[in-house]
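See structure below.
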Amino acid sequence: MERWTIPSQTSTIFEFDYSVQAEDMRGLYEKAKRDQWNASRDIPWDTPEPSDGRTLADELVDIHGSPIWAKMSEADRVELNRRITAWRLSVLVYGEQGALLACSQLVDVVTGTDEKFFQATQVVDEARHNEVLERYIQHRLGGLHYPMPENERVLFDVILGDSRWYIKTIALQLVAETFAVALFKMMNECAHDPLLREVCRRILQDESRHMGFGMLSLPAVIKHASDAERREMEDVTCLALEKVLSGFFPIDAYRDLGFSPAQIAEVRAYRRDVAARNDYAVFRKYFKRDMHTSMVTNLARIGLLTERVRPRLAALGIELPAVA
Ligand SMILES: [Fe+2]
Ligand SMILES: [Fe+2]
């Protein structure tokens, strides 16, 4: 069984004052306790499978509408649809494992009882997401997993290897989780299988709390940071954005379906062409809406993105809003 070991060194902060000190953080903890759900009990696992065998809407397959797609048989389209789902869910299930580990570290390294209490609930949330996605993969996709993409590995190396809580929180709760939310929203609205829609809907219920932790805890750190520390936080934000917004191409799914190197090159060229024409496929539309509008605005508002990184963001197709 493959495992990945990430060296890390942290200092555990033991608190002695358990009174409420951060009312809003305690409120988030209360919400987390109130809104727990159970993947065994609350997901309708007996939902019948769609009769055409598809899990996602075909519009979410990158080459939908292309000349290559037009030449494919119905059986191959269904198979590609399922493999693309398995590829996306593999990326997400590794992300949930990474989030579980990062939040268990955060319980240790974060200061403040209210913050530790909240992080303890996020540990349970991420374990449940890891569990429910794996159960879906087993239940509907015959346990098919694809390897962890290199960009995801690099990102979790940073999140899990850095000892500072705010670096973990910026990269995990603010960037990686917002990316995951965009994917879950897209699948919640466009999945063909009602069971997958329900799994995504349930996961999304937990995610706004996780983003909330970052938005509540980071402003004070950013305010008191030195210029050098602030630049470092900004660079980590950009690095995380670069890792989540590039390099995610399900090449293995096409290869496994028997696409030749020439055909894969044709798929890549088609994707590049669609992007260049600004003729955004459904996938990109969701990302533009969720990543660009909500996340980038939030990051800029709390001072994590400044004029200094405007060119770096522009290379990702992100326009930085005017910052004060
Ligand atoms: Fe999660
Ligand atoms: Fe999360």
Side-chain angles (χ1 to χ4, degrees), residues 25 27-40 42-43 85 87-110 115-138 145 148-149 151-153 155-156 158-160 165-188 191 195-218 237 240-241 243-244 248 286-287 290-291 294-295 298-299:
M25 190 63 76
L28 210 54
Y29 171 63
E30 284 297 329
K31 279 195 190 116
K33 287 188 295 175
R34 184 193 66 196
D35 296 339
Q36 289 298 304
W37 52 277
N38 181 340
S40 298
D42 299 321
I43 299 290
T85 309
W87 189 87
R88 287 205 204 293
L89 293 184
S90 296
V91 172
L92 287 165
V93 82
Y94 303 131
E96 302 297 356
Q97 169 75 191
L100 163 66
L101 300 173
C103 292
S104 74
Q105 293 178 332
L106 280 168
V107 175
D108 266 11
V109 298
V110 84
E115 285 77 1
K116 286 182 187 295
F117 282 4
F118 177 76
Q119 276 309 312
T121 69
Q122 194 177 343
V123 170
V124 184
D125 289 349
E126 304 302 356
R128 182 171 53 245
H129 299 172
N130 197 155
E131 175 204 349
V132 76
L133 288 179
E134 181 60 27
R135 284 172 79 155
Y136 182 87
I137 292 169
Q138 296 295 337
H145 292 83
M148 190 177 196
N151 273 7
E152 191 175 22
R153 215 172 255 262
L155 181 59
F156 276 106
V158 172
I159 294 173
L160 296 167
W165 74 265
Y166 55 87
I167 297 290
K168 294 179 191 295
T169 291
I170 289 169
L172 179 75
Q173 274 109 336
L174 292 193
V175 180
E177 296 205 84
T178 309
F179 169 74
V181 163
L183 270 176
F184 286 124
K185 276 192 184 158
M186 180 182 80
M187 290 194 291
N188 179 38
L195 179 61
L196 182 55
R197 282 206 295 271
E198 183 59 12
V199 165
C200 294
R201 188 185 73 82
R202 283 289 189 175
I203 291 175
L204 284 167
Q205 285 181 344
D206 299 330
E207 289 302 337
S208 61
R209 295 196 300 271
H210 302 169
M211 181 93 181
F213 175 83
M215 295 302 284
L216 286 179
S217 60
L218 285 170
T237 308
L241 282 168
K243 292 301 162 198
V244 300
F248 282 90
Y286 279 87
F287 275 77
D290 291 319
M291 302 284 298
S294 62
M295 176 168 70
N298 279 343
L299 292 173

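For ligands, and for the atoms within them, numbers begin at 1 and follow the listed sequence. Numbers for residues simply follow the sequence, beginning at 1.
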- Message: Using side-chain heavy atoms (C-beta onward) and a distance below 4.5 Å, is T169 in contact with L106?
- Response: yes

- Message: How large, to 10°, is the angle at the Fe ion (ligand 2) when you draw lines to ND1 on H210 and to OE1 on E177?
- Response: 100°

- Message: Between D206 and Q36, do the side chains contain a donor N or O and an acceptor N or O under 3.5 Å apart?
- Response: no

- SB check E131 R135 (cutoff 4.0 Å): yes

- Item | Angle in degrees, rounded to 10°, that OE1 of E96 and ND1 of H129 form at the Fe ion (ligand 1) | 100°

- Message: Would you say the Fe ion (ligand 2) has D125 as a near neighbour, meaning an N/O/S atom of that residue under 2.8 Å away?
- Response: no

- Message: So, of the N/O/S atoms that E126 has, which is the nearest one to the Fe ion (ligand 1)?
- Response: OE1

- Distance-only side-chain donor-acceptor flag, E115 / Q119, under 3.5 Å: no

